[in-house]
Amino acid sequence: MKVKIQYIALFLLAGFSACKKDNYDAPSDTFSGRIVYKGEPIGVEYNQVNFELWQPGFGKNAAISLSIGQDGSFSQLLFNGNYKLTIPPNQGPFLWKQNAAGRPDTVAVTMSGSQTMDIEVMPFYMIRNSQITAASQKVTANFKLEKIITDAVNGRDIDRVYLYLNKTQFVSGGNNIASADIAGSAILDPNNISLTADIPAMTPTQNYVFARIGVRIAGVEDMMFSPLVKVSF
Amino acid sequence: MKKILSITLSALLISFAGCKKDSDFLDVPPTSVIPEDVAFSDPALVLSVVGDLYNRSLDFSSLDGHPNYDPNNPTSNNPYNMSVNTAYEPGWRTFADFGESFPSENGSYFIVKNTGWGYNSWATWDYGYIRDLNLYLKRLAASTALTNVEKDRYTAEGRFLRANYYFEMVKRMGGVPLVTDPLAYDGNNIPELQMPRAKESEIYDFVISEAEAIKDQLPKDVNIKARATKAAALAMECRAALYAGSIAKYGAGTPQVSLSGGEVGIPINMANGYYTKALAAAQEIINGSAGPYKLYQVLPNLSENFAAIFLDKSGTNQEAIYVEDFKANGGKVHGFTTNDQPYSISDEGGDAGRINPSLNLVEAFEKLDNTYAPLPTKDVSGNPVYYTNQQDIFAGRDARLEGTVIIPNGLFKGKRVDIWAGYIDASGNITTSDVAGNLKPLPGTSTPVQVVGTDGPINGLELRSQTGFYIRKYLDPTVGSGRRGRGSDVSFIRYRYGEVLLNAAEAAFELGQPGVALGYINQVRARAGLTTPLATIDFDRIAHERRVELAFEGHILFDMKRWRIAHIVWDGNTMSSADLLSNIGKATKRNTQPWGLWPYKYYSPGSPNDGKWLYREVLPNQVTGYDRFLFGNYYSAIDDALRSSNPKLVRQPNQ
């Protein structure tokens, strides 16, 4: 019996000796903000548009990838330190600054405590004056598309414009219960576009849907979206 | 005195016995390692060395699976060095995905639940293998014990395997560092060892020129299939040149999928040169200068014949060119049949039915008059079509359909599968059960009868068909092949004559020789029972023919990538039944979710249709995701750690 107690004591000792706090605290400072054009956030598809933070000086290089939310916002917990922010080429429905060598530019980010920063980019288009309303089992969207990048080199045409409806607030090409679309070539007046989608039957029934306008730009992978609207009917 | 003498003598004896030179003492020949001078002194030993190198060659789809990177657990594995991998991708799953099939296994629904692929999917970076190949070639060249004939063949085999792996890398990663000598670290030559990526075209050029250089050192023997032959080298050259040609031609449509240094993307003006090489290599096989290869046309039933291409390992099979072979009771077998056999006919209770081909693929098999049409489930006014026999709906289709897929009530091992989803009565109510083969009384009766097939389909019931179909390709009818213990020894065909013909047809078409292209494609179609020759050819026809002929042979991803239509076919939208049933035969048709076709029995006593069959298109309810192929997926990511250790490695575009 005596032996067993000794063993138990030994195990307890061994067990407790491992109970030491981790060397480092978890990162606690929030780096947050939005992707904006002249202060106006750019809506994108959830989890599809990413940008990167690089922190030089710690062994091998690897980026911290930040995903932009539906409403153009982002947030990330970081350690204090100096970071470089960049947006890889062909990410998002916008252009990012380039340096003289034609490579993506970087922005220095110094973290000492939480901070908020809006990232200014050049979108190909902006969705203006969007109004989404419901009437008689239909959702109608009226809006204007303003071409922001107009030069011949970087300017792009509209491939297709969509109106998406979904039961939840995640609304995109993959997540929708109904959609309507019009080809870019069929748009007669970009200042006055109207799309109408029927509201399908939903199980369980709900008296509202979430709706967004999506714009697919020719040759650009990521669509841009209008702010999310909850439409009750 | 005498005593002292004997002590001195014995002391001397002991001390001198220990007086062996240290170097002699420590130099003991190892018993578990064959040193290189021994290994390369005997052809039989070289064969075992090259056998290991064969065994390590990588296929995208592989019957016995391969090590794989687990995207959900990035720390556990390293996708860039297969030899240190711990996670293993089971063989059957390397044939799944891409909307062509549904994975009927609880641990694998992620394939249809996720919304795309990580940038590191399909990556490979096994320079350990390249180094072993380079060392093998160097030591072989230094060997003096082999005859020149033996040496030539072994050298050609090593170069074939090296070119084959570079081809595998360039398909997935684009241009990679081209290392053809074993590198040595001497303490301060890191800058030389940090090699930049070669151009994508340079890697394809390497594969093509290696194949040309070695083809005449390899045997011209149609019966050698598991080792490199002249035809295998030419088939590899043909496929590589075709890939390079199409990347050059169709890459022009997606300029963002390229790098300014040419590591990714091939200039459009090189397209014709590659297509010409592809056609020439294919024609060298077709005209018989590599051996008498031909399409497999042995069995009178064309579906049986098509299935037998993959099962017949005898000398009759002159279609298979280069295979990964297996041997039952010989230590190299695979579990593909165990994993995919029909549940009701399974040799191994509870192990079956994982790959369920999708209706998307089944609809693609055309009618015998060369037209595309969805399987008729409804008449023009929207009423269901009733069929007397369960298989009538599939009548008059391309024979490859039943050679590739087991359809409801289809035969396997002389037994019929039992796939039906329940009874439908006149008012549309369904009587079914969540338990396969369960008995229930029908409405208005009290005697329980079977209300659902023993093979499903039931949503979420794994190991039975959930789309209404099972895979047939590679499924081994040998007794016991479905048992875990025995396994199957059906070989995996890496290159076959049918593909060579289709490669030739595509290359000829791209070179503006439609007559030549039609001649080749019509041979392949005639073998499948489509005896009315096509009169015109276009890109959609070629893409369609490859899809149905080469289904589940590991081509679909790379075909979609090289034609640069992967981002259109897998566009990240859900797939409606209208998407499913329209535009059949169009290469850019959306294919993001695997649909199923569920058979029902009509229950309406007194009606002339009572007991007949009707069908419904169903999206299995486990399919909650959709495939989205991003521009960044065209070339798999090069790991950050690799790019940190070698800053000369350029990052892939769009990632």
Side-chain angles (χ1 to χ4, degrees), chain A residues 44-65 67 86-92 95-96 98 101-104 153-154 156 159-160 162 164-168 170-179 181 200 203 214 216-223, chain B residues 74-75 112-120 252-261 264 564 566-568 570-576 578-579 590 592-593 621 623-635 637-647 649-655:
Chain A
V44 295
E45 184 171 353
Y46 171 75
N47 216 5
Q48 287 298 324
V49 183
N50 297 285
F51 66 98
E52 295 177 338
L53 283 175
W54 296 77
Q55 190 177 24
F58 290 91
K60 290 182 172 176
N61 286 320
I64 301 166
S65 185
S67 186
T86 188
I87 304 182
N90 304 322
Q91 278 288 337
L95 288 183
W96 173 241
Q98 293 189 331
R103 314 208 30 150
V153 183
N154 292 319
R156 299 290 176 94
D159 183 25
R160 243 181 153 76
Y162 297 83
Y164 290 122
L165 312 183
N166 201 11
K167 291 201 282 192
T168 71
F170 293 100
V171 184
S172 66
N175 296 306
N176 68 75
I177 51 168
S179 68
D181 60 276
T203 335
R216 183 176 291 287
I217 300 147
V220 177
E221 185 164 70
D222 297 309
M223 290 172 68
Chain B
T75 54
V112 289
K113 286 186 189 291
N114 59 17
T115 55
W117 300 277
Y119 288 143
N120 49 19
T254 52
Q256 60 272 68
V257 187
S258 64
L259 289 173
S260 54
V264 162
R564 296 291 192 259
H567 67 283
I568 303 171
W570 301 305
D571 66 351
N573 285 308
T574 51
M575 196 169 160
S576 65
D579 289 333
R590 183 176 290 160
T592 52
Q593 294 180 310
N621 73 1
V623 184
T624 54
Y626 40 82
D627 289 337
R628 180 201 300 268
F629 193 95
L630 299 168
F631 284 130
N633 285 125
Y634 271 104
Y635 291 90
I638 299 175
D639 192 42
D640 281 333
L642 282 172
R643 292 193 301 112
S644 296
S645 2
N646 180 0
L649 295 176
V650 187
R651 192 179 188 182
Q652 307 283 25
N654 309 307
Q655 292 183 353

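Numbers restart at 1 for each chain; the letters A, B, ... are given by sequence-line order, proteins then strands.
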Self-check item: Contacting region of Tyr626(B) [heavy-atom separation from chain A under 4.5 Å]
Solution: side chain

Quiz item: Taking only residues two or more places apart in sequence, or in another chain, which ones meet Tyr46(A) in a side chain to side chain contact (heavy atoms under 4.5 Å, CB included)?
Solution: Gln70(A), Phe170(A)

Quiz prompt | Short side-chain to backbone donor-acceptor contact, Thr574(B) and Gly174(A), under 3.5 Å | solution = no

Quiz prompt | Nearest-0.5 Å distance that lies between atom CG in Asn633(B) and atom CD in Glu221(A) | solution = 8.0 Å

Practice problem: For salt bridge (charged side-chain N to carboxylate O under 4.0 Å, His left out), just list the numbers for Glu45(A) and Arg628(B), CA-CA rounded to whole Å, side-chain angles, deciding distance to a tenth of an Å, and then say yes or no. | Solution: CA-CA 13 Å; Glu45(A) 184 171 353; Arg628(B) 180 201 300 268; 2.5 Å; yes

Quiz item: Are the side chains of Arg643(B) and Asn61(A) in touch, meaning some heavy atoms are under 4.5 Å apart?
Solution: no

Quiz item: Of the backbone (N, CA, C, O) and the side chain (C-beta and beyond), which part of Asp222(A) lies under 4.5 Å from a heavy atom of chain B, both, or neither?
Solution: neither

Exercise. Could you tell me which portion of Tyr164(A) (side chain, backbone, both or neither) has an atom closer than 4.5 angstrom to a non-hydrogen atom of chain B?
Key: side chain

Quiz item: With sequence neighbours excluded, what pairs up with Gln48(A) under the side-chain hydrogen bond (donor to acceptor under 3.5 Å, both in side chains) test?
Solution: none

Quiz item: If only atom types and distance count, is the side chain of Gln256(B) paired as donor or acceptor with the main-chain N or O of Asn90(A) below 3.5 Å?
Solution: no

